[in-house]
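Only this structure's heavy atoms are used, side chains among them; waters, hydrogens and symmetry mates stay out. The chains referred to below are lettered A, B, ... by the order of the sequence lines, with proteins before strands, and numbering in each begins at 1.
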Number of protein chains: 2
Amino acid sequence: MGVLEKVGTRGRKAASAVQESVAELPLDSILMSDCIEAMRSLPAKSIDMIFADPPYNLQLGGDLSRPDGSHVDAVTDDWDKFDSFAAYDAFTKAWLAEARRILKDNGTIWVIGSYHNIFRVGATVQDLGFWILNDIVWRKANPMPNFKGTRFTNAHETMIWASMGEKSRYTFNYRTMKTLNDELQMRSDWEFPICGGQERLKRDGVKVHPTQKPEALLYRVLLASTKPGDVVLDPFFGTGTTGAVAKRLGRHWIGIEREPGYCAAAIERIEAALPLDESALRTMQAPKGAPRVAFGTLVENGYLAPGTRLFDTKRRFQAEIGADGSLRCGDATGSIHKVGATVQGTPSCNGWTFWHYEAEDGLKPIDAVRQTYLLATQP
Amino acid sequence: MGVLEKVGTRGRKAASAVQESVAELPLDSILMSDCIEAMRSLPAKSIDMIFADPPYNLQLGGDLSRPDGSHVDAVTDDWDKFDSFAAYDAFTKAWLAEARRILKDNGTIWVIGSYHNIFRVGATVQDLGFWILNDIVWRKANPMPNFKGTRFTNAHETMIWASMGEKSRYTFNYRTMKTLNDELQMRSDWEFPICGGQERLKRDGVKVHPTQKPEALLYRVLLASTKPGDVVLDPFFGTGTTGAVAKRLGRHWIGIEREPGYCAAAIERIEAALPLDESALRTMQAPKGAPRVAFGTLVENGYLAPGTRLFDTKRRFQAEIGADGSLRCGDATGSIHKVGATVQGTPSCNGWTFWHYEAEDGLKPIDAVRQTYLLATQP
DNA sequence: GTCTAAATTGAATCTTCGT
DNA sequence: GACGAAGATTCAATTTAGA
């Protein structure tokens with residue numbers, strides 16, 4: 001059994017501001033060890049997000065070991081194919097189970113793979129109780145062609161994003177993604193070039209790692225599903241793309257990697273990575289990040305007078321503000337949301353955008369009043 | 001046990017030209033029955049290709065409404081409900097095993113699904129000994145948004161294409177695909193709009209089937225992986241998209257569908273479908289060494305006259321065809337691709353889909369002209 | 001009739017907080 | 001955990017209605 005060797009790129013002191021349980025973690029360092037063994041050394045429910053790029057070589061070779069640590073021999077016979085899938089499944093189940101143990105209740109996991117392994121991984125993810133949130137397609141702008149012309153060009157890889165369960169409250173920075181995508185919802189298909197050029201790590205002109213992932217991919221993953229200061233674990237760290245991007249984005253990272261050569265390359269690379277400064281890290285916040293303002297507060301503070309008439313954009317409905325911040329429209333009385341839903345006959349309604357007041361230059365949504373209030377009162 | 005009820009759209013006589021073993025099959029007709037039961041009635045090793053669109057096991061929760069309050073019409077049909085993953089897996093294994101029995105040794109199978117089910121389906125496909133050739137991503141041009149802003153927009157579905165085994169000699173019409181894709185290898189990600197408009201089958205203004213697939217998707221699937229005269233089976237026939245496209249492309253089809261309502265719609269639809277004529281069909285075989293179709297070829301052969309004006313979809317740009325097949329738009333002159341890129345200010349542009357000509361019923365992409373040319377001229 | 005604005009709709013695992 | 005109220009949330013392609 002190997003000893004867990006920790007290879008840090010920064011001292012533990014830097015983690016002093018982190019809360020106690022997190023302080024136990026080997027933050028911002030690499031555990032040079034077998035991935036399952038290393039995960040076993042981490043405390044339960046301590047990780048915010050896991051990004052995993054597991055091996056998918058079904059020839060097994062020396063890449064895989066069974067959960068008990070024994071070696072899986074390579075298989076070449078057709079009759080043994082089922083057995084090889086079973087071995088891969090056992091390996092997958094073992095590391096995913098450990099991942100599940102160390103993830104926080106509201107944590108999420110990403111796994112990337114190709115058609116060789118992703119279906120088995122996905123089924124295991126579901127079997128272990130994870131709740132799939134999306135499958136994301138990485139469309140390669142410049143895939144390797146199918147030289148023999150025997151199939152379609154294999155131009156994508158698939159990522160699975162899953163939470164701990166159906167009810168878990170995971171992090172999804174919706175507003176950030178929408179901003180990143182030119183004010184359109186970010187879709188489940190992402191296009192990036194494969195990792196090459198200056199970004200591709202090379203040693204003596206030879207690529208250090210065969211499957212180095214582009215930083216742009218990890219950038220979007222981390223930006224979408226983590227918050228600054230979160231702890232991100234990559235159990236198949238390789239040359240540390242996850243660590244380099246995590247550092248850049250102000251997230252803590254932990255890498256697990258068995259190969260000393262990959263570890264060395266990763267450390268050198270991450271040390272050279274420059275973190276974005278605080279102002280650059282600021283992203284579009286979800287409205288729910290802003291303090292809640294009750295409609296009644298606006299009335300109490302004189303931003304909207306009781307008796308003021310409110311309208312929908314087409315003036316089909318007219319309502320009147322009560323002294324307590326309630327709204328009345330015909331027989332319907334209640335919150336701005338409830339009355340809006342009632343008069344429209346819809347199950348719900350955002351009263352802030354539905355109701356408008358009469359301004360000098362036409363109708364304006366009462367949400368504008370709320371914004372004015374927020375600007376005037378927030379420090 | 002239900003009786004297999006055969007619902008044909010043509011007499012058996014029409015199959016007389018088919019070889020003996022195939023003549024035993026209920027060609028070009030629907031078996032109104034449970035899919036596993038119906039497949040059991042078919043002879044072993046008799047089918048060239050199977051396209052399957054099984055239930056996705058969506059596991060939807062409560063109702064969903066759009067931001068405007070309108071109700072989203074979800075898939076609530078009983079046929080999509082399963083008690084557990086285990087139950088879904090058992091169902092999947094059962095129908096896939098039958099599919100494997102009736103496929104020829106060199107046959108292939110396509111299965112379409114979403115993240116809800118595709119990983120389980122893919123793992124079972126592999127477990128049964130199928131050899132995955134590609135996973136294909138159908139990128140939806142117009143997916144339904146994520147109304148609540150909780151995840152990435154689910155903008156794609158996944159198809160698995162597999163042969164009977166690693167050594168099987170499956171059909172892949174490489175040349176045809178490459179020609180269809182402007183002389184670039186066809187990739188594993190395909191973009192199509194979802195099925196709507198005139199193509200979407202409706203009864204009394206209501207969609208007949210909740211998950212009708214676009215014909216363009218099946219067109220490419222059949223064109224890529226079958227030959228004229230091949231027998232294509234769809235065990236989850238629904239409203240018969242597979243049958244309609246198979247008929248159009250001169251392939252035999254067999255549908256299995258339990259719901260009488262779907263069967264009736266499928267028959268009516270397929271009877272109305274017009275097969276391409278024989279000369280057009282022969283082009284689908286696309287011999288190796290088929291000439292590249294340059295835009296200029298279309299001009300030379302009178303498919304597009306010099307001087308014809310081309311437009312983008314929004315008529316922001318107007319260009320004129322030169323006698324040599326070049327395009328001119330203001331100062332920009334060159335190939336359809338280059339001029340398209342220049343006027344848009346983009347690094348590249350697929351001129352075939354960017355530029356449109358004025359047809360009687362509106363603008364049509366010049367790619368349509370290329371299709372016409374290909375159908376008419378390829379040996 | 002023609003053009004433009006408005007309405008409709010699609011395989012969707014679709015909220016969060018306080019009591 | 002159940003329940004109720006507050007609050008946040010949509011893109012592209014058609015079709016229909018209206019000017």
**OP:** Would you verify whether the NZ or CZ of B:R220 falls within 45 degrees of the ring axis of B:W190 while also being under 6.0 Å from that six-membered ring's centre?
**Re:** yes
Original post:
Taking all atoms of both residues into account, what is the closest heavy-atom pair of B:I118 and B:I112, and its distance?
Top reply: CD1-C, 4.1 Å
**OP:** May I ask you to check whether B:H116 and B:S114 show a side-chain donor-acceptor distance below 3.5 Å?
**Re:** yes
**OP:** Would you mind building the protein contact string for nucleotides 12-19 of chain D? One character per nucleotide, 5' to 3', B for base within reach (heavy atoms under 4.0 Å), S for sugar-phosphate only, - for untouched.
**Re:** SSSS----
Original post:
Could you give the NE2-to-P distance, from B:H116 to C:dA12, as a whole number of Å?
Top reply: 8 Å
Subject >> Atom-to-atom span, CD of B:E199 to P of C:dG10 - whole angstrom >> reply: 14 Å
**OP:** Starting at CD1 of B:I36, measure out to CH2 of B:W95 and round the result to the nearest 0.5 Å.
**Re:** 9.5 Å
Original post:
Considering residues at least two apart in sequence or located in another chain, which fulfil the salt bridge (Lys or Arg N to Asp or Glu O under 4.0 Å) criterion with B:E199?
Top reply: none
Subject >> Distance flag, aromatic centroids of A:W161 and A:W110, threshold under 6.0 Å >> reply: yes
**OP:** Indicate syn or anti for D:dT15, taking the glycosidic torsion and treating anything within 90° of 0 as syn.
**Re:** anti
Original post:
Between atom CG in B:N57 and atom P in C:dA12, what is the gap in whole Å?
Top reply: 15 Å
Original post:
Is any side-chain nitrogen or oxygen of A:H337 closer than 4.0 Å to OP1 or OP2 of D:dG7?
Top reply: yes
Original post:
Does the side chain of A:W131 reach to within under 4.5 Å of the side chain of B:Q59, using non-hydrogen atoms?
Top reply: yes
**OP:** Among C:dA12, C:dA11, D:dT9, find the nucleotide with the atom closest to the side chain of A:N350.
**Re:** D:dT9
**OP:** Confirm from the modelled atom types if B:K213 and C:dA11 form a donor-acceptor pair under 3.5 Å, side chain to base only.
**Re:** yes
Subject >> Atom pair distance, as rounded to whole Å: CD1 in A:I336 and P in D:dA6 >> reply: 9 Å
Subject >> Check: D:dG7 base within 3.5 Å donor-acceptor of A:R370 side chain >> reply: no
Original post:
Tell me: CD of A:Q371 to P of D:dG7, nearest whole Å?
Top reply: 13 Å
Original post:
When we call it a touch if two heavy atoms are under 4.0 Å apart, what does B:D53 touch: a base, just sugar-phosphate, or nothing?
Top reply: base
Original post:
Which dot-bracket notation, 5' to 3', represents the base pairing of DNA chain D when pairs are defined as Watson-Crick or G-U with both distances under 3.5 Å, crossing pairs as [ ], and inter-strand pairs as |?
Top reply: .|||||....|||||||||
**OP:** Taking only the side-chain nitrogens and oxygens of B:T150, find out if one of them lies under 4.0 Å from OP1 or OP2 of C:dT15.
**Re:** no
Subject >> Distance between C1' atoms of D:dT10 and C:dG10 (Å, rounded) >> reply: 12 Å
Original post:
When the C1' atoms of D:dA13 and C:dT13 are considered, how many whole Å apart are they?
Top reply: 25 Å
**OP:** Could you please name the option among C:dA11, D:dA8, D:dT10 that lies closest to any side-chain atom of B:E157?
**Re:** C:dA11
Subject >> cation_pi(B:R120, B:Y88) dist<6.0 Å, angle<=45 >> reply: no
Original post:
In whole angstrom, what separates B:H71's NE2 from C:dA12's P?
Top reply: 12 Å
**OP:** With C1' as the reference atom in both, quote the distance from C:dC14 to D:dG7 in angstrom, rounded to an integer.
**Re:** 15 Å
**OP:** Enter the distance from B:F192:CZ to B:Y219:OH here, rounded to the nearest 0.5 Å.
**Re:** 10.5 Å
Subject >> Charged tip of A:R100 within 45° of A:F130 ring normal and under 6.0 Å >> reply: yes
Original post:
From the list C:dG10, C:dA11, C:dA12, which nucleotide is the closest neighbour of the side chain of B:A74?
Top reply: C:dA12
Original post:
Among C:dA11, D:dA8, D:dT10, which is the nearest nucleotide to the side chain of A:Y174?
Top reply: D:dT10
Original post:
Would you say B:N154 reaches C:dT13's phosphate, i.e. side-chain N/O to OP1/OP2 under 4.0 Å?
Top reply: yes
**OP:** May I ask whether A:W131 stacks on the base of C:dT13, given the cut-offs of 5.5 Å between ring centres and 30° between planes?
**Re:** yes
**OP:** Could you work out which one of C:dA11, C:dC14, D:dC11 sits closest to the side chain of B:K148?
**Re:** C:dC14
**OP:** Measure the distance from CD on A:Q185 to P on C:dA12 and round it to the nearest whole Å.
**Re:** 13 Å
Original post:
Side chains of A:D189 and A:H156: do they bring a donor and an acceptor to under 3.5 Å?
Top reply: no
**OP:** Please state whether the phosphate of C:dA11, meaning OP1 or OP2, lies under 4.0 angstrom from any side-chain nitrogen or oxygen of B:R200.
**Re:** yes
Original post:
Roughly how far apart, to the nearest Å, are D:dA6 and C:dA11 at atom P?
Top reply: 35 Å
**OP:** May I ask you to evaluate whether B:K207 reaches the phosphate of C:dT9, defined as a side-chain N or O under 4.0 Å from OP1 or OP2?
**Re:** no
